[in-house]
J.: 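Take this structure, written in structure tokens, and hold onto it; I'll ask about it next.
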Amino acid sequence: MIFSPTSNRFYAGAQYLYKTSNRGDSWLRISPDLTTDDPKKLKQEKSGGLTVDNSSAENHCTIYTINESPLDSLIIWVGTDDGNLQVTADGGKSWTNVVSNIPYLPSNTWCSYVEPGHFDKNTVYVTFDGHRMGDKTPYIFKSCDLGKTWKSLADTTIKAYCHVIKEDLVKPDLLFLGTEGGLYLTIDGGQNWCFFKGNVPKVPVMDMVIHQREQSLVLATHGRGIMIIDDLSPFRQISKDVLEADVKFLKPKDYIIREGTYTQQWNGDDEYIGQVAQDAASIVYYMKKRHIFGDIHLEIYDAEGKMIKRLPAGMRKGINVLQWTIQMKPPKVPVSPQIEGSAFAGPNYSPGEYTVKLFRNNDVYETKIRLLPDPKSLYSLQDRDTRQKAVMKAYNLLQSLAYTDRQAREVRDQTKNLAKFVSKSFSKKLLAISVQMDTLHCKIVSTKEGKITGEERLRERIAFIYGSIMQYPGRPTDSQLQGLDFLAGESDKIITEMNSFISNDLPKLNEEFTKDKKAEIIIISQEDFSKEP
């Protein structure tokens with residue numbers, strides 16, 4: 001059974017081919033018997049067994065594969081399980097059995113799949129499967145003249161008999177072959193095949209669909225369920241020039257930042273389980289040889305040229321695919337006895353174009369990748385941009401407060417400790433500074449222990465707004481935006497006080513320590529603080 005790629009027609013095969021254009025309310029037979037109709041193969045009732053199979057599963061001399069040309073709806077191909085390959089160019093008025101034109105094909109070999117060309121209506125690909133008769137030879141053929149002449153595309157690289165072949169929808173020389181022993185592909189129209197190793201096991205690939213919108217290849221395997229090769233665009237860019245290059249970036253499809261949805265459902269035992277797709281953009285490049293010695297890594301830069309991510313690079317020969325998780329790390333928050341659950345997750349990076357650089361010893365290779373907003377979003381770009389800015393404002397406020405709080409705690413603890421080893425007057429001064437820093441710390445975070453204390457400080461109030469905005473993909477409320485502005489002003493007062501102390505008071509303190517030959521007060525740098533987990 002097959003749907004027409006050009007209309008609402010639907011085809012069903014028995015020994016005849018049937019067509020419906022009204023969802024099965026009525027059917028039209030558009031062919032004679034397209035099989036061999038060999039009476040020796042139609043003796044099911046006399047073939048043995050306790051009962052006759054009435055499910056049709058054991059019927060022979062039947063149509064096994066059907067496909068209509070996507071370029072001409074009048075061209076229909078049919079392959080049968082008793083070795084016929086039939087074609088009509090007039091919508092079923094007349095049929096021609098072209099199997100005898102195929103060279104070196106044993107008679108009565110099952111036609112396992114027929115694939116009309118997507119670029120030339122006279123082109124067709126076909127696979128045959130003879131394993132039921134002990135013949136495990138891979139049979140793949142191509143015709144460019146509606147089956148009058150054929151060329152074999154099989155070679156010794158293919159180690160299993162064939163189930164299905166698909167022509168790419170963008171690059172005509174890119175073919176995918178499903179076999180009993182896994183997936184093969186060719187980038188030169190079948191002159192050379194290679195076995196696909198990218199997490200596809202050596203299992204029977206029984207059927208394939210190229211998803212036009214998602215640019216993905218969906219594989220149906222026998223006993224292993226469904227597998228998806230997410231992005232075919234890198235394969236479409238492979239050429240002889242690419243294969244000769246030492247390193248070459250391949251452009252993946254743009255990454256869509258999907259907006260999260262929340263569903264509640266109970267599936268019972270009727271449930272499909274699969275791997276959840278990563279929130280990650282792909283970075284793809286080809287290397288002619290495996291990288292063995294020296295440095296190799298990737299760096300990602302935003303539109304302002306700031307490096308936002310460093311990744312280890314794949315080192316193997318051939319195509320390397322790396323995943324860049326588009327979700328930032330959770331924000332650093334000031335330390336407190338209370339766990340801040342509203343800041344457990346980081347925001348996504350903003351939509352836009354990013355620069356990717358591959359550093360390989362002394363060579364640098366560069367490309368661009370794009371993150372795009374969700375086209376199915378219910379919210380305007382302006383509202384989503386307002387949300388992203390608010391999220392990042394709260395995120396950066398938490399990070400800044402975390403560093404300011406770290407500075408305050410370090411000064412507090414060091415001055416309190418050093419006060420034990422200096423003169424009384426100096427000790428009194430240090431203890432006063434320690435109290436000042438502890439006061440700053442208490443303005444930033446709640447300090448009471450316990451699960452419910454009712455205590456809220458800047459950290460808790462900012463994190464609450466941050467978490468609330470993160471849970472909703474639309475525009476934040478006016479109250480949230482106004483509250484964030486107010487808390488930003490309160491945070492600025494504390495950060496300014498801390499910076500003023502570090503710029504003006506701390507150098508004088510350390511100067512006195514130097515005179516007394518005592519250890520100085522040392523504060524962690526912003527860079528080192530950022531590197532901490």
Side-chain angles (χ1 to χ4, degrees), residues 171 174 183 185 187 194-201 214-217 227-258 275-330 332 345-372 527-528 530-533:
K171 184 179 181 180
L174 178 59
L183 176 66
L185 62 85
I187 62 169
C194 65
F195 180 69
F196 185 82
K197 300 179 181 179
N199 294 328
V200 176
E214 298 297 331
Q215 302 180 49
S216 302
L217 180 66
M227 289 178 287
I228 302 175
I229 299 175
D230 294 318
D231 188 5
L232 294 179
S233 52
F235 299 107
R236 292 166 177 168
Q237 298 165 52
I238 294 291
S239 64
K240 186 174 292 186
D241 292 339
V242 170
L243 295 176
E244 290 301 318
D246 290 333
V247 177
K248 183 71 174 178
F249 272 111
L250 303 173
K251 180 176 173 53
K253 62 184 179 183
D254 296 328
Y255 181 81
I256 307 296
I257 304 175
R258 302 291 181 190
Q275 183 178 0
V276 178
Q278 274 188 297
D279 286 333
S282 295
I283 301 170
V284 187
Y285 58 92
Y286 167 83
M287 286 205 303
K288 187 176 181 179
K289 296 180 180 179
R290 177 177 174 80
H291 181 81
I292 300 176
F293 300 109
D295 173 60
I296 182 169
H297 70 275
L298 287 165
E299 292 178 0
I300 302 173
Y301 297 81
D302 63 16
E304 285 72 41
K306 176 186 174 183
M307 188 184 80
I308 57 175
K309 193 73 175 178
R310 178 186 168 113
L311 296 171
M315 298 185 289
R316 71 181 185 183
K317 174 184 176 182
I319 295 177
N320 291 264
V321 180
L322 284 89
Q323 300 297 326
W324 169 37
T325 302
I326 65 156
Q327 188 177 37
M328 303 178 194
K329 291 181 179 179
K332 288 178 177 288
N348 290 331
Y349 286 101
S350 300
E353 188 174 69
Y354 293 80
T355 300
V356 179
K357 294 182 181 180
L358 172 65
F359 294 84
R360 183 172 180 245
N361 294 329
N362 296 323
D363 298 320
V364 181
Y365 305 88
E366 186 174 312
T367 191
K368 305 282 186 182
I369 61 173
R370 293 199 305 168
L371 308 184
L372 301 182
E527 182 180 357
D528 290 341
S530 300
K531 291 178 181 178
E532 289 184 348

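Starting from 1, each residue takes its place in the sequence as its number. Note that these values count all heavy atoms, side chains included, but never hydrogens, waters or copies made by symmetry.
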J.: Applying ring-ring contact (aromatic ring centres under 6.0 Å, His included), name anything that partners Y255, two or more places apart in sequence or on another chain.
T.: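 If we apply the ring-ring contact (aromatic ring centres under 6.0 Å, His included) test to Y255, skipping adjacent residues, there are no hits.
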J.: Only counting residues at least two apart or in another chain, list the ones meeting side-chain hydrogen bond (donor to acceptor under 3.5 Å, both in side chains) with E532.
T.: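 For E532, the residues satisfying side-chain hydrogen bond (donor to acceptor under 3.5 Å, both in side chains) (neighbours in sequence not counted) are R406.
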J.: How far does CD1 of I257 sit from CD1 of I326, to the nearest 0.5 angstrom?
T.: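 The CD1 atom of I257 sits 4.5 Å away from the CD1 atom of I326.
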J.: Inspect the surroundings of CG in D528 and state if more than 12 heavy atoms from other residues, nucleotides or ligands are less than 6.0 Å away.
T.: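 Counting other residues, nucleotides and ligands, CG of D528 exceeds 12 neighbours.
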J.: Shortest non-hydrogen contact from Y349 to T325?
T.: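 In terms of heavy atoms, the two residues are closest at CE1-O, 4.2 Å.
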J.: Once side chain to side chain contact (heavy atoms under 4.5 Å, CB included) is applied, do any residues pair with D230, and if so which ones, sequence neighbours excluded?
T.: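 Scan of D230 (side chain to side chain contact (heavy atoms under 4.5 Å, CB included), adjacent residues dropped) gives I228.
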J.: Using every non-hydrogen atom in the two residues, find where K253 and S216 come nearest and quote the distance to one decimal.
T.: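 K253 and S216 have their closest heavy atoms at NZ-OG, 3.6 Å.
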J.: State which residue, out of V242, V284, T367, I369, fulfils the side-chain contact (heavy atoms from CB on, under 4.5 Å) condition with F249.
T.: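 By the side-chain contact (heavy atoms from CB on, under 4.5 Å) criterion, F249 pairs with just one of V242, V284, T367, I369: T367.
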J.: Checking S233 now: which residues fulfil side-chain hydrogen bond (donor to acceptor under 3.5 Å, both in side chains) with it, not counting sequence neighbours?
T.: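 S233 satisfies side-chain hydrogen bond (donor to acceptor under 3.5 Å, both in side chains) with D231 once adjacent residues are dropped.
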J.: How would you list, by chain and number, every residue that makes a side chain to side chain contact (heavy atoms under 4.5 Å, CB included) with E527, sequence neighbours excluded?
T.: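 Only S525, K531 meet the side chain to side chain contact (heavy atoms under 4.5 Å, CB included) criterion with E527.
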J.: Is there a donor-acceptor pair under 3.5 Å between the side chain of Q327 and the backbone N or O of G346?
T.: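 Here the side-chain-to-backbone pair exists.
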J.: Which pairs count as salt bridge (charged side-chain N to carboxylate O under 4.0 Å, His left out) when at least one residue sits in residues 240-249, sequence neighbours excluded?
T.: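 Pairs touching residues 240-249 that pass the test: E244-K288.
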J.: Are I229 and F235 close enough that some pair of their side-chain heavy atoms sits under 4.5 Å apart?
T.: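 Side-chain contact under 4.5 Å: yes.
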J.: Would you indicate whether D295, at its atom CG, is surrounded by more than 12 heavy atoms from other residues, nucleotides or ligands within a distance under 6.0 Å?
T.: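 Buried by this count: over 12 neighbours within 6.0 Å.
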J.: Can you tell me how far CG of L322 sits from CD1 of I283, rounded to the nearest 0.5 angstrom?
T.: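 Between I283 CD1 and L322 CG, I get 6.5 Å after rounding to 0.5 Å.
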J.: Side chains of L185 and C194: does their closest heavy-atom pair fall under 4.5 Å?
T.: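 In contact.
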J.: I'd like to check the ring-ring contact (aromatic ring centres under 6.0 Å, His included) partners of Y301; sequence neighbours left out, ordered by chain and number.
T.: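 Once residues adjacent in sequence are excluded, Y301 has no partner under the ring-ring contact (aromatic ring centres under 6.0 Å, His included) criterion.
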J.: How many angstroms lie between NZ in K171 and OG in S239, if you round to the nearest 0.5 Å?
T.: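 One finds 6.5 Å between NZ of K171 and OG of S239.
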J.: What verdict does the side chain to side chain contact (heavy atoms under 4.5 Å, CB included) test give for V247 and D363, after you've listed the backbone C-alpha separation in whole Å, the side-chain angles of each residue and the deciding distance to 0.1 Å?
T.: CA-CA 10 Å; V247 177; D363 298 320; over 6 Å; no
J.: When rounded to the nearest 0.5 angstrom, what is the spacing between CG in L217 and CG in L183?
T.: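 Between L217 CG and L183 CG, I get 6.5 Å after rounding to 0.5 Å.
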J.: Passes side chain to side chain contact (heavy atoms under 4.5 Å, CB included), S350 versus L371? Steps please.
T.: CA-CA 7 Å; S350 300; L371 308 184; over 6 Å; no
J.: Counting neighbours of CZ on R236 that are heavy atoms of other residues, nucleotides or ligands and sit closer than 6.0 Å, is the number greater than 12?
T.: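 For R236, atom CZ is crowded (more than 12 foreign heavy atoms under 6.0 Å).
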J.: Give me each pair satisfying side chain to side chain donor-acceptor pair (under 3.5 Å) with a member in residues 307-324, each pair once, sequence neighbours excluded.
T.: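 Of all non-adjacent pairs touching residues 307-324, those that pass side chain to side chain donor-acceptor pair (under 3.5 Å) are S282-Q323, H297-R310.
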J.: Of all the heavy-atom pairs spanning G314 and M287, show the shortest one and how long it is.
T.: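 Reported closest heavy-atom pair: O-CE, 3.6 Å.
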J.: Just verifying a value: how many Å separate L311 CG and E299 CD, rounded to the nearest 0.5 Å?
T.: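 If I round to the nearest 0.5 Å, the distance is 9.5 Å.
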J.: Sub-3.5 Å donor-acceptor pair from the side chain of E353 to the main-chain atoms of K368, do we have one?
T.: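 Checked: no pair found.
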J.: Would you please name every residue forming a side chain to side chain contact (heavy atoms under 4.5 Å, CB included) with F195, sequence neighbours left out?
T.: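 Y184, K197, K202.
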J.: Can you list the residues that meet the side-chain hydrogen bond (donor to acceptor under 3.5 Å, both in side chains) rule with K306, with sequence neighbours excluded?
T.: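 K306 satisfies side-chain hydrogen bond (donor to acceptor under 3.5 Å, both in side chains) with no other residue.
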J.: So, using salt bridge (charged side-chain N to carboxylate O under 4.0 Å, His left out) as the criterion, who are the partners of D302 when residues are at least two apart?
T.: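 Per chain and number, D302 pairs via salt bridge (charged side-chain N to carboxylate O under 4.0 Å, His left out) with no residue.
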J.: N199 versus M227: any side-chain heavy-atom pair under 4.5 Å?
T.: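 They are not in contact (no side-chain heavy atoms under 4.5 Å apart), so the answer is no.
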J.: Give the minimum heavy-atom separation between A245 and Y286, together with the two atoms involved.
T.: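 Looking at all heavy atoms of both residues, the closest pair is O-CE2, 3.6 Å.
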J.: Under the side chain to side chain contact (heavy atoms under 4.5 Å, CB included) rule, collect the residues that match up with M315, sequence neighbours excluded.
T.: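 For M315 the side chain to side chain contact (heavy atoms under 4.5 Å, CB included) partners, ignoring immediate neighbours, are H291, I296.
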J.: Looking at every non-hydrogen atom in both residues, tell me the closest pair between A313 and L358 and how far apart they are.
T.: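 Minimum heavy-atom separation between A313 and L358: CB-CD1, 3.8 Å.
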